[in-house]
Amino acid sequence: MKVSCLQENLAKGLSIVGRAVASRSTLPVLSNVLLATDGDRLKLSANNFELGINCWVGAKIEQEGAITIPARLLADFVNSLPPERIDMELDESTQTLHLRCARFESNIKGIDAQEFPVVASASDSDVAIKLDPESLRLMIKQVVFAAATDESRPVFTGVLLQFDADKLTMAAADGFRLSVRSAVLNQNVADTLEDAGLAGNGAKAPSLIIPARALTELARVSGEQEEPIDLIVTSGRRQILFHLQDIELVSQLIEGDFPDYNRIIPKGYSTRSVLDTANFLKAVKISHLFARDSANIVRLEISPSGDELMNGRITLVATSAELGDNVAEIDASIEGDSMEVAFNAKYLIDVLSIIDSPQFALETSTSSSPGVFRSIGDENFTHVIMPMHIQTR
């Protein structure tokens, strides 16, 4: 193998595939990144058996070949080089890659490319669902944070993708909160799903469960993507592939049944409060300073004004036995009954940070019922947080 490419292009490619490099593995080759010639481009691949990423960078190919190189060493070395051309030449007899850039030269020992597990790649015969990148990034942003990090229940570490005609819904839950986001696709995907072996079961819409980490990486690597992203399900429904311009991300699917999230969302409410998103978020962050030492509990005292011409208010109360207490009042447009409910301040901060609209609605019923958060002017987003126990004072 003998190739040349620009330092900035190689550095960018290595940063893209780097997240799929295994940090701890019994297979040393999984700590490496694959460098392989592919036509007139250099292909970079990383794979940890859960997530795989392919990335192509422009290069001058003088001799074809492939090698795997320790990912961390290569990335650190390339990032330290000046923004000039990098010449790379492989000594196949010793599996050593010689790199030269400006007045810097190095030899890095690698592992034979044949030992590297192949990362699936898209083909012309694949059936793809096209997704708008901007809409997809917003959906991921508003859902993925609610997925569980505890792997004792694998289904909850993933995000549900549910398809219904021309509608895509994402949902994630960790047992304490639920986030649901929907979007209308530019195509009716019923026939596409059937061709891909994803036809629904009776009245149940076809669905997939994708690891939350994979979607987080997809949002990261698609930051500059403007063309539609192709979603491809591999044969046997074992993997899902996202095809972008010069990038492919492959993830294992999570097996299991995701709970019916519609049963978790309350159908009604006794009190509905409309608040300014930024002001309420600021108040919650201040309250969290005092709530951190008391299980993150922030108590909300919802008080309608009793006068249709006047706004009500929500009082936030956070108490710490060691630090003190904090009380904050926020104006709100409230309809319904006065009530008191407590939430985890961290969960409130998480959801308020991803609501894009200037105002949101909080729907509550009792102190022991879930609170429902909705964006004003956007009916496609719903978030549910389970309440915390309020101690009698």
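Values reported hereafter were calculated over all heavy atoms of this structure, with side chains retained and with hydrogens, waters and symmetry mates removed.
Looking at every heavy atom in both residues, A147 comes nearest to A212 through CB-CB, 3.7 Å. Between R374 and I265, the shortest heavy-atom contact is NH2-CG2, 4.2 Å. Contact detail for Y269 and T364: the closest heavy-atom pair is CB-O, 3.5 Å. In terms of heavy atoms, Q245 sits closest to Q225 at N-OE1, 3.1 Å. Closest heavy-atom contact between L185 and F163: CD1-CD2, 4.4 Å. Taking both residues in full, the closest heavy atoms of I209 and G256 are given as CD1-O, 3.6 Å, listed atom of the first, atom of the second, then distance.
Looking at K141 and D356, their side chains come closer than 4.5 Å, going by heavy atoms from C-beta outward. When side chains are defined from C-beta on, F104 does not count as touching S80, because their heavy atoms never get closer than 4.5 Å. Looking only at side-chain heavy atoms (C-beta outward), L300 and F343 come within less than 4.5 Å of each other. With contacts defined as side-chain heavy-atom distances shorter than 4.5 Å, the pair L30/F49 qualifies. The side-chain heavy atoms of L281 and I349, taken from C-beta on, include a pair separated by under 4.5 Å. Contact annotation: the side chain of V78 approaches that of Q7 to within less than 4.5 Å [non-hydrogen atoms, C-beta and beyond]. Looking at heavy atoms from C-beta onward, V250 lies out of side-chain contact with I240 at the 4.5 angstrom threshold. A 4.5 Å side-chain heavy-atom check between R238 and L253 finds every atom pair outside the cut-off.
Checking side-chain atoms of T37 against main-chain N and O of G65 turns up a donor-acceptor pair under 3.5 Å. Within the 3.5 Å criterion, the main-chain N or O of V29 finds no donor-acceptor partner in the side chain of S31. The main-chain N or O of P358 is found under 3.5 Å from a side-chain atom of T277 such that the two form a donor-acceptor pair. With hydrogens and angles disregarded, no donor-acceptor distance shorter than 3.5 Å links the side chain of T157 to the backbone of A148. In terms of modelled atom types and a separation under 3.5 Å, the side chain of T366 and the main chain of S369 share a donor-acceptor contact. Without hydrogens or angle criteria, S294 side chain to T319 main chain gives a donor-acceptor distance under 3.5 Å. S270 contributes a side-chain N or O that, together with a main-chain N or O of S365, makes up a donor-acceptor pair within less than 3.5 Å. Checked by atom type and distance alone, the side chain of Q142 pairs as donor or acceptor with a backbone atom of I354 at under 3.5 Å.
Taking the charged nitrogens against the carboxylate oxygens, E217 and R220 do have a contact shorter than 4.0 Å, which makes a salt bridge. Between D246 and R41 there is a salt bridge, since a side-chain N of the basic residue sits under 4.0 Å from a carboxylate O of the acidic one. Salt bridge annotation for D174-R177: present, with a cationic side-chain nitrogen under 4.0 angstrom from a carboxylate oxygen. Ion pairing between K12 and E224 holds under the 4.0 Å rule for side-chain N and carboxylate O.
Note: the hydrophobic cluster containing I355 does not contain M139 (ILVMFWY, side chain heavy atoms under 4.5 Å, direct or indirect links). Under the 4.5 Å side-chain heavy-atom criterion for Ile, Leu, Val, Met, Phe, Trp and Tyr, I86 and L73 are members of the same hydrophobic cluster. L34 and V3 fall into different hydrophobic clusters, defined by Ile, Leu, Val, Met, Phe, Trp and Tyr side-chain heavy atoms under 4.5 Å apart, directly or through other members. A continuous path of ILVMFWY side-chain contacts below 4.5 Å connects I129 to L161, so both sit in one hydrophobic cluster. Linking ILVMFWY side-chain heavy atoms closer than 4.5 Å, directly or via other members, places I69 and L6 in two distinct hydrophobic clusters.
With 3.5 Å as the limit, one finds no donor-acceptor pair spanning the side chains of N380 and S182. For the 3.5 Å distance criterion, the side chains of N54 and S45 qualify, holding a donor opposite an acceptor. Side-chain contact, E340 with S367: no donor N or O sits under 3.5 Å from an acceptor N or O. Donor-acceptor pairing under 3.5 Å is lacking for the side chains of S338 and S303.
Interatomic distance, L208 CG to Q239 CD, rounded to the nearest 0.5 Å: 12.5 Å. For the atom pair S357 OG and D378 CG, the distance stands at 7.0 Å (nearest 0.5 Å). Rounded to the nearest 0.5 angstrom, I254 CD1 and R153 CZ are separated by 13.0 Å. Atom CG of N32 sits about 14.0 Å away from atom CZ of R72, to the nearest 0.5 Å. Here L362 contributes atom CG and T271 contributes atom OG1; the two are 9.0 Å apart, rounded to the nearest 0.5 Å. Atom-to-atom distance recorded for S273:OG and M339:CE is 9.0 Å, nearest 0.5 angstrom.
In E134, the CD atom is not crowded: 12 or fewer heavy atoms of neighbouring residues, nucleotides or ligands sit closer than 6.0 Å. Under a cut-off of 6.0 angstrom, the local environment of OH in Y261 is crowded, with over 12 non-hydrogen atoms contributed by other residues, nucleotides or ligands.
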Are N344 and I297 close enough, and set up right, to give a side chain to side chain contact (heavy atoms under 4.5 Å, CB included), and what steps lead you there?
-> CA-CA 5 Å; N344 185 313; I297 297 175; over 6 Å; no
Take M1 and L97 through the test side chain to side chain contact (heavy atoms under 4.5 Å, CB included) and record every step on the way to the result.
-> CA-CA 9 Å; M1 182 175 77; L97 185 67; 3.9 Å; yes
Assess whether side chain to side chain contact (heavy atoms under 4.5 Å, CB included) is satisfied between I314 and I334, documenting all intermediate values.
-> CA-CA 9 Å; I314 292 183; I334 303 173; 4.2 Å; yes
Please lay out, stage by stage, how L44 and L35 fare under the test side chain to side chain contact (heavy atoms under 4.5 Å, CB included).
-> CA-CA 5 Å; L44 311 177; L35 279 67; 3.8 Å; yes
Worked verdict on R137 versus D132 for salt bridge (charged side-chain N to carboxylate O under 4.0 Å, His left out) | CA-CA 9 Å; R137 284 191 291 269; D132 176 70; over 6 Å; no
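Shown here are the salt bridge (Lys or Arg N to Asp or Glu O under 4.0 Å) partners of E329, two or more places apart in sequence or in another chain: R313. Checked against salt bridge (Lys or Arg N to Asp or Glu O under 4.0 Å), R85 has the following partners two or more places apart in sequence or in another chain: D87.
Ring centers of F373 and F381: at least 6.0 Å apart, outside the cut-off. Between Y347 and H383, the distance from one ring center to the other does not fall under 6.0 angstrom.
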Taking distance alone, no hydrogens or angles, what donor-acceptor pairs closer than 3.5 Å link side-chain atoms of residues 106-120 to residues at least two apart or in another chain?
residue	atom	partner	partner atom	Å
N107	OD1	H98	ND1	3.0
D112	OD1	Q114	N	2.9

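Among M88, E105, E89, the single residue meeting the side chain to side chain contact (heavy atoms under 4.5 Å, CB included) criterion with R100 is E105. For the side chain to side chain contact (heavy atoms under 4.5 Å, CB included) with L74, the lone residue among T68, N79, L99 that qualifies is L99. Partner W56 forms a side chain to side chain donor-acceptor pair (under 3.5 Å) with one of D40, N9, D38 and no other, that one being D38.
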